[in-house]
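Given the structure is predicted, the values throughout are model-derived calculations rather than measurements. We count ligands from 1, going down the list as the structure has it; atoms in each ligand are counted the same way. Reckoned from all heavy atoms, side chains included, excluding hydrogens, waters and symmetry mates. Along the sequence shown, the residues carry numbers beginning at 1.
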Amino acid sequence: MGEFKVHRDVFRDQDIFDLEMEHIFEATWIFVGLASQVPDPHDFITTWVGRQPVIVSRDSKGELHCHFNTCPHRGATVCRQRAGSAKAHVCPYHGWVFDSAGRNAGIKNQTQGEYHHNFAEGSHDLKKVARFGNYRGFLFASLREDVPSLEEHLGDARVFLDLIADQGEDGVELLPGAGLYTYRANWKLQLENCLDNYHLTSTHPSFMRIVERRKKGDSGHALETSDFKLLDGTVGGGFTFPHGHAVIWHGNATPQVRPLYKSIDKVVERVGEVRANWMLGVRNLSLFPNVQFAENISLQMRIIRPLAPDLTEMQIHCVAPKGEASEARTYRIRLYEDFFNSTGLATPDDLKVYEQCQEGYRVWSVSEQQGYHRGMALVKNGPDEFADQLGISPATSVSGNFEIQDETIFHGGYREWLRLMKRAECTLADR
Ligand code: FES
Ligand SMILES: [Fe+2]
């Protein structure tokens with residue numbers, strides 16, 4: 001009781017990393033993109049489920065698909081672009097052709113090929129992933145059949161996706177362009193950081209000082225943005241959900257600086273006052289294991305792709321309601337650039353400390369982390385009054401002053417990590 005132990009080997013050990021790829025990233029639901037990234041027939045994006053390349057596409061009838069990006073002939077990836085539109089993908093090696101539904105649409109020189117009739121009768125299509133699901137335009141894939149339904153997997157964390165999707169009458173979209181970068185540290189540092197209020201004042205003091213200078217008029221840069229100083233005394237908290245998802249939230253003393261504020265009357269009409277207030281509050285949502293939506297100044301989507309125990313690729317996007325008024329859209333982009341972008345005032349600070357943690361993990365004689373104990377005396381199982389506002393039943397709830405900067409919020413993710421990794425133990429025992 002009162003303890004939560006995380007061993008540093010989970011951040012630095014190659015064997016553990018390999019097991020994570022097999023038993024987490026290639027075994028549970030993984031976020032693969034937004035339906036609005038492939039709005040029209042034949043649009044596609046390519047991405048990864050664990051180590052495996054996939055194509056998400058919309059066929060001629062508008063149906064969504066997720067196939068492995070590997071040619072059945074000799075294995076080449078059939079699509080090399082990150083995104084685009086194509087009625088057909090032509091394999092660059094021997095020219096086999098696949099349509100936007102993943103069906104084989106041509107085998108080069110088939111008639112002259114002296115194929116056995118068995119070959120002609122078999123399928124030469126791209127292979128589908130085991131499971132593909134769509135929750136309100138948020139797309140997920142699983143390489144294993146034996147996962148719960150996507151709805152069950154997301155559980156009540158779905159409400160926090162609703163709080164994003166409902167910001168626009170027709171949902172949300174990504175702004176053109178994406179940030180793509182790597183950092184030299186473990187993927188779980190990003191997983192944690194999204195839920196980590198404790199680091200804000202110590203990792204990002206320069207951002208806060210800049211905001212202060214702007215308020216005093218000492219800066220030529222007049223962007224009006226949230227004042228994190230107002231957090232002192234603000235009520236906030238967090239919820240964890242089964243399957244590793246979690247969200248931190250707190251009130252927003254300056255809702256008027258949000259792009260959404262400009263259309264809030266319409267939002268209230270659509271979703272009611274309670275949910276509209278939650279939309280204007282600060283919410284950082286982490287869906288285990290690979291996607292996060294951070295809404296504290298602008299709205300950012302982050303996709304985490306682990307490459308090695310000490311190397312992670314991040315893909316980041318600015319998210320906005322479809323049909324947003326141009327003034328609000330411009331303001332959203334300026335806020336996003338200011339704080340979230342890889343060149344913004346927050347992200348480089350975070351990446352630097354992730355890399356410093358990874359460097360610190362080289363000290364093999366220290367094995368246990370002490371960073372999962374704040375809030376332990378306060379955390380409660382089940383919903384609190386704030387969960388009741390949204391009608392959700394989280395696994396745990398914490399709420400109170402912002403200064404608690406709760407660390408029990410990480411427990412849900414590590415519990416799911418352990419549940420999935422225990423299946424590795426069974427597999428190893430069978431070997
Ligand atoms: S590997 Fe694709 S056609 Fe040969
Ligand atoms: Fe940060």
Checking [X] against [Y]: charged group under 6.0 Å from the ring centre and within 45 degrees of the axis?
X: R12; Y: W364; result: yes
X: R302; Y: F293; result: no
X: K188; Y: F11; result: yes

_Flag side-chain contact, heavy atom, 4.5 Å: V49 against F25_ = no
Review point. What are the protein N, O or S atoms, given as residue plus atom name, that sit under 2.8 Å from atom 2 (Fe) of ligand 1?
Key: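 Listed by chain and number, the nearby protein N, O or S atoms are C71 SG, C91 SG.
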Q: Report the residues that fulfil side-chain hydrogen bond (donor to acceptor under 3.5 Å, both in side chains) with R305, sequence neighbours left out, ordered by chain and then residue number.
A: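 R305: side-chain hydrogen bond (donor to acceptor under 3.5 Å, both in side chains) contacts with E313.
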Across all chains, not counting sequence neighbours, the side-chain hydrogen bond (donor to acceptor under 3.5 Å, both in side chains) partners of H116 are none
Keeping to distances under 2.8 Å, can you name the protein N/O/S atoms close to the Fe ion (ligand 2)?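 Checking every protein N, O and S atom gives H199 NE2, H204 NE2, D350 OD1, D350 OD2.
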- Query: To the nearest 0.5 Å, what is the distance between CZ (R332) and CZ (R258)?
  - Reply: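 With rounding to 0.5 Å, CZ (R332) is 9.0 Å from CZ (R258).
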Would you please indicate if the ring centroids of F4 and H411 are separated by under 6.0 Å?
yes
Candidates R144, Q52, E20 - the one meeting side chain to side chain contact (heavy atoms under 4.5 Å, CB included) with E26: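 Per the side chain to side chain contact (heavy atoms under 4.5 Å, CB included) rule, the option paired with E26 is Q52, out of R144, Q52, E20.
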